[in-house]
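Notes for the one structure printed next.
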Amino acid sequence: MKVRACIIEVVSMRITKYCTIFLLLAVFVIIFMLRKMDFLEFQHKVKSYPRVSPDRDIQHGFCTFQPPSSKDALEERLLLDSIAWPETPALPDPLSLEQTSDPAHSSFTILPPGREGGEWHVGDQLEVMIKMYDFLGRLKKSGGDVLLARLHNLKLGAGVAGQVVDHLNGSYSAVFSLLWEGSAQVEVTLVHPSEAVTVLRRLTSEQPDRVYFQSLFRSGSLSETTTCNVCLRPTQQPLCNYTDLRTGEPWFCYKPKKLSCDARISHSKGGFKQNLKAKEEKLFQSGVNMKVSLQASGPANVTVWPKKKGQPEVKNSSVKSGPSGYYYQGAWQALDGTTVQQFNTSSAISQCLKGKMVHLYGDSTIRQWFEHLNAALPDLKEFNLHSPKQVGPFMALDYANNILVTYRCHGPPLRFGNVPATELRYIANELDGLTGGSNTVVVIGIWSHFSTFPMELYIQRLQSIRRAVVRLLVRAPGTLVVIRTANLKALTLYETLTNSDWYSLQRDKVLRAVFKGLNVRLVDAWEMSLAHHLPHSLHPQPPIIKNMIDVLLSYICPQKGS
């Protein structure tokens, strides 16, 4: 009756104070309900506001991120500062290679030993000076080149990664730990000239969407395909917002014209836009200025004598830490106190994994581990989940020994062929679903698919995973968590623009920093691929994978007394 009376008053333009309050309340309730219905019906059509990047050198305004907490934002800033690359030169217009770094003109020199007598002994450090010249034979005056260094002895099956120090004036130092007796040969490789880094930086800044993705939407006989990404350029087309509600991981698709956002059934890599400027591809030529070895000025190898008793080790002050390990007779020797055992038989592996659940999460370099264990253990039978071969998920079971091994790929961005939308899972959410305990092993490897995106996206993903790891270790302290780092790969022009070693190096540094101080173990895939004599590959060859698995198994089943 009161409602009717108020309506009569409104019609007659005589509104009392009571009716005014009542009508305002009614309007508020109606607006609230409409907005709630709008959210429920169109919750995927949300455009989030882009967060301003804290990296002053990178602008990617059409990439959308969840605003981090103040603590995470501070860590992000510190991480970005820690991987800051030296300034690289602007490119001449028109582009010419004349003033760019030329490995054919450049060279390295082994410096004299730092002890009296002119000899090197096990435990010493070997230092190499590298001088970079341009194609006209002139000494470079700035740094920023991407260099790798390795010390090896093929006959001994020995190798160790060197640490490169940029002096920002065209010269570099490479420092090696001397860890075996006999001959040791120096190898220095130019991955990219500094001018190529200028291009790679610009691509990430201006074209973070150069690798794009697609989703298929279907309802009945009607189907549509639209472009998806973290970074979608603004258009008049509305967006479907698939940001994960638990982790806040962002993901968007352009909304289909005739279907709802709920009709998405699959995810796939759409393609790649190679938007290089004129002649820039000349900076990425295999055998010319990409992954090319430098010649030595003088001898390229030294003889290492046995360690002298009571003789102090010679250290170099230009590097803060040594290598994580080295190869000897083809087997990886860790330098962090871990005794790496050789698991050369299926029975040795089965005995170690008996009663264990091993959960592998990540990209195809982690899928390699699942495939290795599956092949190495004849009693480990893969259960057919009818999953896509590249994508998974996979599960294998050795019923007699109570061994379970699973693999699941990480969530988007994901450059795989065709992934059912229902299988797009984030590692943090998967970890939250684990009970954990002393019978549980978790392995995480995530880096390659993030190469073309702003570093902030990768940092936030790792922070999310780290929070889940902390929760897992709090509720189940006995859980073993192992992090697999990035590794080097063979480079073509396409591989460089999407997955350059320079991109991987930066993500590798961030990965290590984010998980530093946590009760997790590391498999140093970067050094294990750099120190080995086999060619670099996104998917390292079997001898390297076997050594990685030996390290993993040595963490699971540590040698008594070690």
Side-chain angles (χ1 to χ4, degrees), residues 55-58 78-92 95-111 125-151 161-176 186-205 280 282-285 288-297 316-321 451 455 486 488 491 496 500-510 513 526 530:
D55 190 338
R56 293 180 297 274
D57 298 323
I58 298 179
L78 294 173
L79 287 169
L80 291 171
D81 288 344
S82 73
I83 62 169
W85 199 258
E87 287 298 317
T88 53
L91 302 182
L95 179 61
S96 166
L97 293 184
E98 288 185 350
Q99 298 177 30
T100 67
S101 302
D102 177 19
H105 279 94
S106 306
S107 63
F108 67 87
T109 305
I110 297 175
L111 300 183
Q125 285 191 332
L126 175 71
E127 185 173 3
V128 169
M129 181 59 68
I130 304 165
K131 296 283 188 180
M132 298 301 298
Y133 292 80
D134 64 21
F135 278 79
L136 296 177
R138 299 174 301 192
L139 181 66
K140 294 290 291 290
K141 296 181 180 180
S142 59
D145 296 300
V146 186
L147 294 164
L148 299 174
R150 175 171 77 106
L151 193 67
Q163 293 176 284
V164 177
V165 179
D166 189 344
H167 300 300
L168 307 179
N169 59 2
S171 66
Y172 302 77
S173 295
V175 180
F176 306 91
V186 175
E187 183 180 276
V188 177
T189 302
L190 174 70
V191 179
H192 294 305
S194 56
E195 293 79 9
V197 174
T198 300
V199 175
L200 295 175
R201 271 178 157 161
R202 191 195 75 237
L203 290 175
T204 298
S205 171
E280 283 184 344
K282 289 185 176 182
L283 293 169
F284 305 98
Q285 300 181 73
V288 176
N289 53 10
M290 184 168 71
K291 282 275 176 98
V292 181
S293 295
L294 274 58
Q295 296 299 310
S297 175
N316 188 290
S317 59
S318 63
V319 294
K320 296 178 181 179
S321 60
S451 294
M455 186 61 76
L488 297 151
L491 295 180
T496 299
S500 164
D501 285 344
W502 181 69
Y503 290 137
S504 300
L505 173 62
Q506 292 187 303
R507 278 145 191 81
D508 186 69
K509 290 178 179 178
V510 166
W526 186 269
L530 174 55

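Residues satisfying the side-chain contact (heavy atoms from CB on, under 4.5 Å) criterion with Ile83, sequence neighbours excluded, are Met455, Gln506, Lys509, Val510. Checked against side-chain contact (heavy atoms from CB on, under 4.5 Å), Arg202 has the following partners two or more places apart in sequence or in another chain: Val199, Glu206, Lys277, Glu280. Qualifying salt bridge (charged side-chain N to carboxylate O under 4.0 Å, His left out) partners for Asp501, counting only residues two or more places apart in sequence or in other chains: Lys291. Evaluation of the side chain to side chain donor-acceptor pair (under 3.5 Å) rule for Ser451 yields Asn499 as partners, not counting sequence neighbours. Among residues two or more places apart in sequence or in another chain, the side chain to side chain donor-acceptor pair (under 3.5 Å) test is passed with Ser293 by none. Shown here are the side-chain contact (heavy atoms from CB on, under 4.5 Å) partners of Asp166, two or more places apart in sequence or in another chain: Pro86, Leu168, Tyr172. Scanning for side chain to side chain donor-acceptor pair (under 3.5 Å) contacts around Thr198 gives Thr88, with sequence neighbours left out. Applying the side-chain contact (heavy atoms from CB on, under 4.5 Å) test to Ser500 and every residue at least two apart in sequence or in another chain returns His192, Leu200, Thr496, Trp502, Tyr503. Here Arg507 pairs with nothing under the side chain to side chain donor-acceptor pair (under 3.5 Å) rule; sequence neighbours left out. In this structure Asp134 satisfies the salt bridge (charged side-chain N to carboxylate O under 4.0 Å, His left out) test together with Arg138, sequence neighbours excluded.
Contact annotation: the side chain of Phe176 never approaches that of Ile110 to less than 4.5 Å [non-hydrogen atoms, C-beta and beyond]. Side-chain contact between Trp85 and Val146 is present, with at least one heavy-atom pair separated by less than 4.5 Å. A heavy-atom distance below 4.5 Å is found between the side chains of Pro103 and Leu294. The shortest distance between side-chain heavy atoms of Leu97 and Asp102 does not fall below 4.5 Å. Leu126 is listed as a side-chain neighbour of Val186, based on a closest heavy-atom distance under 4.5 Å. With contacts defined as side-chain heavy-atom distances shorter than 4.5 Å, the pair Ser504/Trp526 qualifies. Inter-residue side-chain proximity for Val164 and Val188 is flagged as unmet; no heavy-atom pair is nearer than 4.5 Å.
For the pair Thr189 (side chain) and Val292 (backbone), a donor-acceptor distance under 3.5 Å is absent.
Taking OG from Ser142 and NE2 from His167, the interatomic distance works out to 14.5 Å, rounded to the nearest 0.5 Å. In this structure, OG in Ser194 is found 3.5 Å from NZ in Lys140, a value given to the nearest 0.5 Å. For the atom pair Ile130 CD1 and Ser171 OG, the distance stands at 9.0 Å (nearest 0.5 Å). Phe284 CZ to Leu491 CG: the interatomic distance, rounded to the nearest 0.5 Å, is 10.0 Å. From Lys131, atom NZ reaches atom CZ of Phe108 across 15.0 Å, with rounding to the nearest 0.5 Å. The CG atom of Leu91 sits 9.5 Å away from the OG1 atom of Thr100 when rounded to the nearest 0.5 Å.
Summarising the geometry of Asn289 relative to Lys282, their closest heavy-atom pair is ND2-O, 3.0 Å, with the distance given to 0.1 Å. Taking both residues in full, the closest heavy atoms of Glu127 and Ser173 are given as OE2-OG, 3.3 Å, listed atom of the first, atom of the second, then distance. Closest heavy-atom contact between Ser101 and Asp145: OG-OD1, 2.6 Å. Nearest heavy atoms, Leu530 versus Ala149: CD2-O, 3.8 Å. Residues Glu195 and Leu283 approach most closely at O-CD1, 3.8 Å, considering heavy atoms.
Other residues, nucleotides and ligands contribute over 12 non-hydrogen atoms within 6.0 Å of the CD atom of Gln285.
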Stepwise side chain to side chain contact (heavy atoms under 4.5 Å, CB included) check, Leu111 with Val128: CA-CA 6 Å; Leu111 300 183; Val128 169; over 6 Å; no

